Amino acid sequence: MRIVKYIIGTIIFVLLLVLNLTVKMDIFLRLLNPLILCIILCLYRIAKGPTPADRAVGVDILGIVVVGSCALLSLVTKRDFFIDIAVAWALQSFIGTIALAKYLEGRRLDE
């Protein structure tokens, strides 16, 4: 089963590489494709994580990737509200990670 996952991952990586090399697009959009792949992989880890700690790490990494995607979209589209979304997402992700860590330890939020 593990070898099948590696083969599927390699096929997706090669297709993404071929897409980035053959399709004529801006460099910022080429950088956005791997971020979308990372988002998909994080969502997989959140859904199939064997432990709650793995799911928490997946949510935290997803927040980081989304903030990076918003920053990149802000550069591409020249719109400032993507930076506002990135800052709000980063703050909310930080607070959510702290709350989830306390919950997994079995502590209350006011301790």
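Both backbone and side-chain heavy atoms feed into the values below; hydrogens, waters and symmetry mates do not. Just so it is clear, the model here is predicted, and its values are computed rather than measured.
A heavy-atom distance below 4.5 Å is not found between the side chains of Val59 and Thr97.
In the hydrophobic clustering of this structure, Ile46 does not group with Ile64; members are Ile, Leu, Val, Met, Phe, Trp, Tyr whose side-chain heavy atoms approach within less than 4.5 Å, directly or through other members. Hydrophobic clustering keeps Val87 apart from Leu72 (ILVMFWY residues linked when any side-chain heavy atoms are closer than 4.5 Å, directly or through intermediates). Hydrophobic clustering (ILVMFWY, side-chain heavy atoms < 4.5 Å, transitive): Val4 and Leu15 are in one cluster. Cluster membership check: Ile40 shares its hydrophobic cluster with Leu73, using side-chain heavy-atom separations under 4.5 Å among Ile, Leu, Val, Met, Phe, Trp and Tyr. A continuous path of Ile, Leu, Val, Met, Phe, Trp and Tyr side chains, each step under 4.5 Å between heavy atoms, connects Val67 with Ile36, placing both in one hydrophobic cluster.
Looking at every heavy atom in both residues, Ile83 comes nearest to Ala71 through CD1-CA, 4.2 Å. Between Cys70 and Ile85, the shortest heavy-atom contact is SG-CG2, 3.9 Å.
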Output, in order, the C-alpha distance, side-chain angles, deciding distance and verdict of side chain to side chain contact (heavy atoms under 4.5 Å, CB included) for Asp60 and Ser93. CA-CA 7 Å; Asp60 197 31; Ser93 176; 3.8 Å; yes
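With sequence neighbours excluded, the residues forming a side chain to side chain contact (heavy atoms under 4.5 Å, CB included) with Ile39 are Leu43, Leu62, Val65, Val66, Ser69, listed by chain and number. In terms of the side chain to side chain contact (heavy atoms under 4.5 Å, CB included) criterion, residue partners of Thr51 (sequence neighbours excluded) are, by chain and number, Ala53, Asp54.
Annotation: side-chain hydrogen bond (donor to acceptor under 3.5 Å, both in side chains) contacts involving residues 72-81, sequence neighbours excluded, are absent.
Distance CG/Leu41 to CG/Leu37: 4.5 Å, rounded to 0.5 Å.
In this structure, Arg55 contributes its side chain and Gly49 its backbone to a donor-acceptor pair below 3.5 Å.
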